[in-house]
Amino acid sequence: MELLEADSFVLQSFDTLTGLKFFLTADPDSKKLDQVLKEVYELYSDYVLKNPFYETDMPIHCEKFDDKLNKLA
């Protein structure tokens, strides 16, 4: 499933080549959500995966990632 549309929201998903899945809920009038999810994945790759202290399947605690994500939103 890549897209679920309802009257009050849209749910868009993005599957990475490594099997990681990103989901985004938004207003039904939102456009280009697939592009937004790709940008989120780029931020994740740059700020989380390159962090030597990050352990897979652990909560993300990265202030720079949070800041960039908030700017994107």
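With contacts defined as side-chain heavy-atom distances shorter than 4.5 Å, the pair Asp27/Phe9 does not qualify. Lys21 is not listed as a side-chain neighbour of Phe14, based on a closest heavy-atom distance of 4.5 Å or more. Annotation: side chain of Glu63 is not in contact with side chain of Phe65 (no heavy-atom distance under 4.5 Å).
Looking at Val48, Asn51, Leu69 one by one, the single match for side-chain contact (heavy atoms from CB on, under 4.5 Å) with Ile60 turns out to be Val48. Under the side-chain contact (heavy atoms from CB on, under 4.5 Å) test applied with Phe22, the options Val36, Asp15, Val40 reduce to a single match, Val40.
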- prompt: Would Gln12 and Phe23 count as a side chain to side chain contact (heavy atoms under 4.5 Å, CB included) if you check the C-alpha gap in whole Å, the side-chain angles of each, and the deciding distance to 0.1 Å?
  reply: CA-CA 6 Å; Gln12 177 89 32; Phe23 293 91; over 6 Å; no
query: Can Leu3 and Val10 be said to form a side chain to side chain contact (heavy atoms under 4.5 Å, CB included), step by step?
result: CA-CA 7 Å; Leu3 179 65; Val10 173; 3.4 Å; yes
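Between Pro59 and Tyr54, the shortest heavy-atom distance links the atoms O-CE1, 4.1 Å. Of all non-hydrogen atoms in Pro28 and Ala6, the two that sit nearest each other are CG-O, 4.2 Å.
Side-chain atoms of Ser45 come within 3.5 Å of backbone N or O of Tyr41 as a donor-acceptor pair.
Linking Ile, Leu, Val, Met, Phe, Trp and Tyr whenever their side-chain heavy atoms come within less than 4.5 Å leaves Leu37 and Leu4 in two separate clusters.
Salt bridge status for Asp46 with Lys50: present, with a side-chain N to carboxylate O gap under 4.0 Å.
Summarising the local packing, CD of Glu2 is surrounded by 12 or fewer heavy atoms from other residues, nucleotides or ligands at distances under 6.0 Å.
Rounded to the nearest 0.5 Å, atoms CG (Leu49) and OG1 (Thr18) are 7.5 Å apart.
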